[in-house]
Amino acid sequence: QVQLVESGGGLVQAGGSLRLSCAFSGGRFSTYAMGWFRQTPGKEREVVAAIARSESRTAYTESVKGRFTISRDNAKNTVYLQMNSLKPEDTATYYCAAVLTIVAVTNLRDYDYWGQGTQVTVSS
């Protein structure tokens, strides 16, 4: 059974940076596309970034383009989300997710496995 464990969240001032990590286990990581999503209370979970099972293809929601970078290390079974120039509106619980496919997937309903989430809080 695939398991995902996020880490790296915390409290940061606006303009600061954080790097989230998601450790993958229980399957062959290199065959899964991965995604980062976020959710705030009362709102639907939304995609932040997605990466294909190879590193060559990525996708981002418009609001984080140029500030966030998704990457993966298939040797370490880990996907990362580097978040720079953070804004208060980035405050959310961030989740990583996995789906057994080739391409970068942005629809949350297509994902098969989810982590428990890590809280990111950006103060103004």
Side-chain angles (χ1 to χ4, degrees):
Q1 180 73 6
V2 169
Q3 291 188 323
L4 304 171
V5 179
E6 302 96 335
S7 62
L11 174 63
V12 63
Q13 288 189 332
S17 298
L18 283 174
R19 188 176 82 154
L20 305 183
S21 300
C22 174
F24 174 104
S25 62
R28 189 174 175 186
F29 180 64
S30 61
T31 64
Y32 285 79
M34 302 295 294
W36 283 99
F37 294 78
R38 64 187 180 187
Q39 188 171 23
T40 56
K43 293 190 176 181
E44 289 190 358
R45 193 171 296 187
E46 64 173 1
V47 65
V48 176
I51 188 166
R53 67 181 191 185
S54 73
E55 294 186 63
S56 60
R57 300 292 179 91
T58 58
Y60 297 91
T61 195
E62 193 65 34
S63 63
V64 308
K65 285 181 180 178
R67 300 189 298 123
F68 290 11
T69 302
I70 188 171
S71 63
R72 64 189 295 159
D73 186 335
N74 285 349
K76 294 184 178 179
N77 290 356
T78 302
V79 62
Y80 304 98
L81 184 68
Q82 179 66 44
M83 305 186 294
N84 299 329
S85 302
L86 282 160
K87 304 176 181 180
E89 50 263 44
D90 295 317
T91 295
T93 301
Y94 284 71
Y95 299 88
C96 74
V99 56
L100 188 64
T101 193
I102 297 173
V103 300
V105 177
T106 57
N107 188 335
L108 66 89
R109 291 170 180 79
D110 291 331
Y111 280 84
D112 299 314
Y113 303 100
W114 292 85
Q116 293 300 306
T118 186
Q119 179 66 37
V120 171
T121 303
V122 184
S123 63
S124 57

Where is the tightest heavy-atom contact between [X] and [Y], given as atom of each residue plus distance?
X	Y	value
Gly115	Tyr95	O-CD2, 3.6 Å
Ser85	Asp90	O-OD2, 4.5 Å
Thr78	Ser21	CG2-CB, 4.2 Å
Arg53	Arg72	CA-NH1, 3.2 Å
Pro88	Ser124	CG-CB, 3.8 Å
Leu4	Ala98	CD1-N, 3.8 Å

* Given the rule in the side chain to side chain contact (heavy atoms under 4.5 Å, CB included) test, do Phe29 and Lys76 qualify, once you have shown the distances and angles that lead to the verdict? -> CA-CA 9 Å; Phe29 180 64; Lys76 294 184 178 179; over 6 Å; no
Output yes when a side-chain donor or acceptor of [X] lies under 3.5 Å from a complementary backbone atom of [Y], and no otherwise.
X	Y	result
Tyr60	Ile70	yes
Arg57	Ala104	no
Thr91	Val122	yes

Group every Ile, Leu, Val, Met, Phe, Trp and Tyr by side-chain heavy-atom contacts under 4.5 Å, then state whether [X] and [Y] land in the same group.
X	Y	result
Phe24	Val105	no
Val64	Val12	yes
Tyr80	Leu18	no
Leu11	Met83	no
Tyr113	Val48	yes

* Candidate pair Leu100 and Thr31, rule side chain to side chain contact (heavy atoms under 4.5 Å, CB included), full reasoning -> CA-CA 6 Å; Leu100 188 64; Thr31 64; 3.3 Å; yes
Within a reach of under 6.0 Å around [atom1] of [X], are more than 12 heavy atoms found that belong to other residues, nucleotides or ligands?
X	atom1	result
Gln3	CD	no
Ile102	CD1	no
Glu46	CD	yes

* **Residue pair Tyr32, Asn74: steps toward the side chain to side chain contact (heavy atoms under 4.5 Å, CB included) verdict** => CA-CA 10 Å; Tyr32 285 79; Asn74 285 349; over 6 Å; no
Rounded distance (nearest 0.5 Å) linking atom [atom1] of [X] with atom [atom2] of [Y]:
X	Y	atom1	atom2	answer
Ser17	Arg67	OG	CZ	10.0 Å
Ser63	Lys87	OG	NZ	7.5 Å
Met34	Thr101	CE	OG1	13.0 Å

* To do: Look at the aromatic rings of Phe37 and Tyr111 and report parallel, tilted or perpendicular, splitting at 30° and 60°.
  =>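 Aromatic pair Phe37/Tyr111 classed perpendicular.
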Kindly indicate whether the side chain of [X], heavy atoms from C-beta on, has any atom under 4.5 Å from the side chain of [Y].
X	Y	value
Phe68	Leu86	yes
Val2	Asp112	no
Trp36	Cys22	yes

* Asked: Would Thr118 and Leu20 count as a side chain to side chain contact (heavy atoms under 4.5 Å, CB included) if you check the C-alpha gap in whole Å, the side-chain angles of each, and the deciding distance to 0.1 Å?
  -> CA-CA 8 Å; Thr118 186; Leu20 305 183; 4.0 Å; yes
* **The single option from Glu6, Arg38, Gln39 passing side-chain hydrogen bond (donor to acceptor under 3.5 Å, both in side chains) against Tyr94** => Arg38
* Have a look at Val47 and tell me which of Leu108, Asn107, Thr106 forms a side-chain contact (heavy atoms from CB on, under 4.5 Å) with it. => Thr106
